[in-house]
Amino acid sequence: MPTYVLTDKCKGCMECVKICPSDIMHIDPVQGRAYNIEPPMCWECYCCVKACPEAAIDIRGYAGFAPRGQSVVPTRTPDRGQWKIRVLNGDTKELVFPIRTTPWGSIRAPQEAPAPPAEALRSELLSFEPEYLAVDALPTLPRPASAGG
Amino acid sequence: MGESSSSATHIVDCDILIVGGGFAGCGAAYEARYWGRDLKIVIVEKAAIERSGAVAQGLSAINCYMGMRWNENQPEDFVRYVRNDLMGLSREDLVYDMARHVDSTVHMFEEWGLPIFTDPQTGRYVREGRWQIMIHGESYKPIVAEAARKAASEVYERIVVTHLLPDAQDPKRVAGAVGVNVRDGSFYVFRAKAVIVASAGASHIYRPRSAGEGAGRTWYPPWASGSAYGLLIQMGAEMTQMENRLVVTRFKDGYGPVGAWFLMLKAVATNAAGEHFESARLPELRTRVGAYADAKPMPTCLRNHLMLQEILEGKGPILLHTERVLDTPEKEAIGWEDFLNMTIGQAVTWASQGIEPTKVPSELILSEPYVMGSHAVCAGAWTSGPKDVALGEYSWGYNRMTTIQGLFGAGDTVGGSAHKFSSGSYTEGRLAAKAAVAFLTDHPGAPTVSETAIAQLRTTVYAPMDRYDAKKGNVTTGTVSPDYLFPDQGLHRLEKIMDEYAGGVSANYITNEHLLTRALEHLRRLRVDLGSMAAKDLHQLQRVWELDHRLWTAEAVVRHTLFRKETRWPGYYYRADYPRVDDENWHCFVNSVYEPASGEWKLFTRPYRALF
Ligand SMILES: Cc1cc2nc3c(=O)[nH]c(=O)nc-3n(C[C@H](O)[C@H](O)[C@H](O)COP(=O)(O)OP(=O)(O)OC[C@H]3O[C@@H](n4cnc5c(N)ncnc54)[C@H](O)[C@@H]3O)c2cc1C
Ligand code: SF4
Ligand code: SF4
């Protein structure tokens, strides 16, 4: 633990292996299914849980301080995240939040904008400034005369 | 045949190499492409950029936003705030520079599709606090990664960068980096004209409070391996504020954030008896830190200090009274979402312990220390500031360039520029990248990389696997061998040394000259043992090199803490032999340089200069 993989559900598709930021979801060569190779380096970040197409991964809270009996199950659609929480006394909560307001893949790459004039490279402005600052000009300070250098 | 001789070597030539595709790295890729249309821009990342770094789970707030368009704050206001919070010590030119640009980053995120809470009446972002705005940030990282993928020429994933490469002609000029692909075992040599290091701060330098299976429940993620510092120190880059490490107040065990609770929901903390303890402790605080005790808002470290004193007097646990403020279902939903978007483990903790936040208060605790540069602390590399505002010796080259030619930093990597958080780290990545493009324009030639240096590094990098293969037969089975240590064994030693000698939780953050000197002796022996590490597989090989970077970071922390003879940040750590703030002698930066040729460390001070 903290992540564990249900034998009957895992298809060995590697999605959890590809995403885990800690490099701890690996495929067991004998079973051909995923498992957590290093539980003490698991952040309970649920990245693998969210990525698994078979809903085969769950998390049992850290044995060190979390009594058994709860569950938190996230489900993502392109624009919403849904969370089902089962608390110790059996109550459940369901929470739904937006996760993105635009279609996935719709971000305009910086190179699609016209190339900036060469001399702009020496200014203090970043790409799309000052427009994206939504103020007239980039703030600066008068340099105190004593500053030197 | 050993791993070092059997695995393939790939050479990747590029103009700009970005080490780490977290927030700062993604910002760097985006901006580098805007200015450098024809450049080859490469990201190398040890995980997958859609879910890597400190924002892998998502976030529920953007902690740095000025709101200049609504005249909410100006960059000068932010500099005053940071000056205060860091007890008078930050590189104000860097802080100002980040602050004046950060709004354009946030507006870009919103346009890309990040849901930001907006007040329907005023059309303004909903403030969590003066600098923070609320977001539905479950997909914050994948959104930011989408833009970076489109901007970069190539993204190499599952490659852990182990070393930077110096120019063969000039050791003070960077020429690239090397690393191992932990999926196929091949060796990667990136030859670059400029390198931007954005490989984040460090957890697990100090022994965490959580034990056993739960050891991964640190507040900063377990994959924060101090690579930003480890890579730079070995190259001989000048470092600053490495003693300024972070301790955070969080919900106990799950380490759920408290910002929204204190700032937005206006929850209060008391001791176990229900007493408000902060004001009663102010007189004691004034004797330690003088006027800083009355700074508004109270500096983060001092709030920690007051809580710690209360706990040490046996008046804990400290309780955050969630039950007094959750008077509507909407507020309760905000409370849960705050965790579900960034510290899911806290929701698990509440659920598993049967804590109903509308009915009972929750315990708060102080975390183990972390080393980072983007939060209420600013450890990291000493970098050049922006030409138009940097003062005196704060500007010697290109913005955010370290003291190594062509080597830039951003996010946790850059020292002195605190309170960047996600938006500011991204912004600093943009600043570093634009400066790197200017550097390339002025220095179009490629540095030279020595073949022998690469061959040597290759042998070094794979040595733990070769050692395991050669020696494993000497013992029957299991993990105990007289010939080598495995990386988790070395990590536990490092955590114990730092915890007990350099002011970790078991020492109540207290240390002194004797303890720090002992720490250095222990770290030196650990460094020797690091020369005989074993790795059974590529995953363990990654852990060995992460441990190496953590050890470099730890050594810098100890040396800096030893050099600064005062207690500037009580609540982060205490020098028991110098318990007070000493503005007369120590209102300055402590900097260090490790000389790779001689193996010597130099420590010295640099002046603090107020921007206004
Ligand atoms: C629990 C938590 C809550 C937070 N809350 C907030 C908040 O509410 N609002 C806010 O604005 N900020 C918040 N932050 C802070 C914010 O996440 C950080 O300040 C920011 O991510 C730092 O950016 P960075 O690019 O320096 O590091 P990261 O984003 O961590 O990126 C570092 C990258 O480098 C990679 N890397 C590391 N080592 C190597 C190596 N050796 N080789 C190759 N790649 C490597 C990592 O995998 C990672 O992708 C929070 C952080 C945490 C942990
Ligand atoms: S993602 Fe799910 S199904 Fe695929 S390998 Fe992992 S656990 Fe198995
Ligand atoms: S919860 Fe996170 S750290 Fe743990 S195995 Fe899954 S992806 Fe990896």
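Below, all heavy atoms of this structure are taken into account, side chains as well, without hydrogens, waters or symmetry copies. First the proteins, then the strands, lettered A, B, ... as listed; each starts at 1.
Going from atom OG of A/Ser106 over to atom CD of B/Glu111 covers 9.5 Å, rounded to the nearest 0.5 Å. Atom CG in B/Asn399 sits 6.5 Å away from atom CD in A/Glu124 (nearest 0.5 Å). How far OH of A/Tyr46 is from CZ of B/Arg51: 13.5 Å, rounded to the nearest 0.5 Å. We find the CD1-CG distance between A/Ile37 and B/Asp537 to be 6.5 Å, quoted to the nearest 0.5 Å. Note: B/Trp350 CH2 to A/Leu88 CG = 15.0 Å, rounded to the nearest 0.5 Å. Going from atom CZ of A/Phe97 over to atom OG of B/Ser139 covers 13.0 Å, rounded to the nearest 0.5 Å.
A/Pro40 has its side chain out of reach of B/Glu213: every pair of non-hydrogen atoms, C-beta onward, lies at least 4.5 Å apart. Between A/Ile99 and B/His136, every side-chain heavy-atom pair lies at or beyond the 4.5 Å cut-off. No side-chain heavy atom of B/Arg69 sits less than 4.5 Å from a side-chain heavy atom of A/Leu133. A/Val17 is listed as a side-chain neighbour of B/Arg183, based on a closest heavy-atom distance under 4.5 Å. Taking 4.5 Å as the limit, some side-chain heavy atom of B/Tyr96 sits within range of a side-chain heavy atom of A/Pro139.
Residues A/Arg68 and B/Ser352 have side chains that never bring a donor and an acceptor to within less than 3.5 angstrom of each other.
For B/Gln353, the parts lying near chain A are the backbone and the side chain together; criterion is any non-hydrogen pair under 4.5 Å. Using a 4.5 Å cut-off between heavy atoms, A/Pro114 touches chain B through its backbone atoms (N, CA, C, O) alone.
For residues 140-153 of chain B, the pairs satisfying salt bridge (Lys or Arg N to Asp or Glu O under 4.0 Å) are A/Arg100-B/Glu146, B/Glu50-B/Arg149, B/Glu146-B/Lys150, B/Arg149-B/Glu157, with sequence neighbours left out.
Distance alone, capped at 3.5 Å, places no donor-acceptor pair between the B/Tyr34 side chain and the A/Pro116 backbone.
Between A/Trp83 and B/Trp336, the ring center distance fails the sub-6.0 Å criterion.
Within a 6.0 Å sphere centred on CG of A/Asn89, heavy atoms belonging to other residues, nucleotides or ligands number more than 12.
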